[in-house]
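Before any comments, here is the structure.
Small disclaimer: the values here were computed from a predicted structure and weren't measured. Residues: numbered from 1 along the sequence shown.
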Amino acid sequence: MMARSGAALPLPLVVVVVVVGACCGSVRPAAAAAARLSALGRTLVVEASPEAGQVLHAGEDTITVTWRLNASAPAGADAGYKAVKVTLCYAPASQEDRGWRKANDDLSKDKACQFEIAQPQPYAYAAAAGPGTGAGTTLRYRVARDVPTASYHVRAYALDASGAPVGYGQTAPAYYFRVAGVTGIHASLRVAAAVLSALSVAALAFFAVVEKRRKDE
């Protein structure tokens, strides 16, 4: 006898159909590849207040950072820019033999720019005369106490609406500056230690003279 067209499918076959359907339904387009620095346009000009080789002290000194659209950027290059993120990055010399500081072209794996100078700032470039003619946007940053001793430069990323980097600018390789990290020893303690050291040397000299006089007598 012929099977009815509306007959139910065997249970094992139903399970297979459901599993296959679920798998196929959950297939999504491959995630967009992580941004690469080499693929980003250097569309921002970034300037920082420290001079080449200047030493700043963590927890004490401040950095003034200014960024603006690069004059060489093509018209409309910043059409999708929504925010700018500014970071403090290790200089190449301070990355040597330190894998935890290594730069990587794949920005999702980059470890050189670990210190965020400020929360992403709204992109508000509005120089009617064209790129490179505006005063730019300026912010001040007090070097955080957890920034270790090393050489650094400043980098700024232009972000799109999703927060992905779509352009950048940096002070490197024009110049680098240094940060002296917090050692945990207060300045007053260093002064006290120096005074005690000087007193101990004076005391030794005094007793040496006294002992010599005793021997001479």
Nearest 0.5 Å please: distance from the [atom1] atom of [X] over to the [atom2] atom of [Y].
X	Y	atom1	atom2	value
N70	D78	CG	CG	11.5 Å
L107	L40	CG	CG	6.0 Å
R142	I63	CZ	CD1	11.5 Å

>> Run T66 and T137 through side chain to side chain contact (heavy atoms under 4.5 Å, CB included) and show every step you take.
In response: CA-CA 5 Å; T66 301; T137 299; over 6 Å; no
> Taking only residues two or more places apart in sequence, or in another chain, which ones meet Y176 in a ring pair (Phe, Tyr, Trp, His ring centres under 6.0 Å)?
Replying inline: H153
Are any of the side-chain heavy atoms of [X] and [Y] separated by less than 4.5 Å?
X	Y	answer
T149	V179	no
V46	V65	yes
P120	V84	no
L139	I117	yes

> Do you know which two heavy atoms are closest between R145 and V182, and how far apart they sit?
Replying inline: NH2-CG1, 3.5 Å
> Any idea which heavy atoms bring A144 and A58 closest together, and the distance?
Replying inline: O-CB, 3.4 Å
>> Once disulfide (SG to SG under 2.5 Å) is applied, what residue pairs with a partner in residues 43-118 remain, sequence neighbours excluded?
In response: C89-C113
>> Determine whether V86 and V154 satisfy the following criterion, side chain to side chain contact (heavy atoms under 4.5 Å, CB included), listing intermediate values before the conclusion.
In response: CA-CA 7 Å; V86 185; V154 176; 3.6 Å; yes
Just jot down the side-chain hydrogen bond (donor to acceptor under 3.5 Å, both in side chains) partners of [X], sequence neighbours excluded, or say none.
X	value
S151	R178
Y157	R155
D106	S108
T62	R140

Not counting sequence neighbours, list each pair that qualifies as a salt bridge (Lys or Arg N to Asp or Glu O under 4.0 Å) and has a residue in [range].
range	result
residues 109-118	none
residues 83-104	none
residues 34-62	R36-D105, E47-R68

>> Once ring-ring contact (aromatic ring centres under 6.0 Å, His included) is applied, what residue pairs with a partner in residues 74-119 remain, sequence neighbours excluded?
In response: Y81-Y123, Y90-F115, Y90-Y152
>> Could you walk me through whether Y168 and L44 satisfy the side chain to side chain contact (heavy atoms under 4.5 Å, CB included) test, starting with their C-alpha distance in whole Å, then the side-chain angles of each, then the deciding distance to 0.1 Å, before giving a yes or no?
In response: CA-CA 6 Å; Y168 83 103; L44 300 179; 5.8 Å; no
> Is Y175 reachable from L56 through a run of hydrophobic residues whose side-chain heavy atoms are each under 4.5 Å from the next?
Replying inline: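 Shared cluster, yes.
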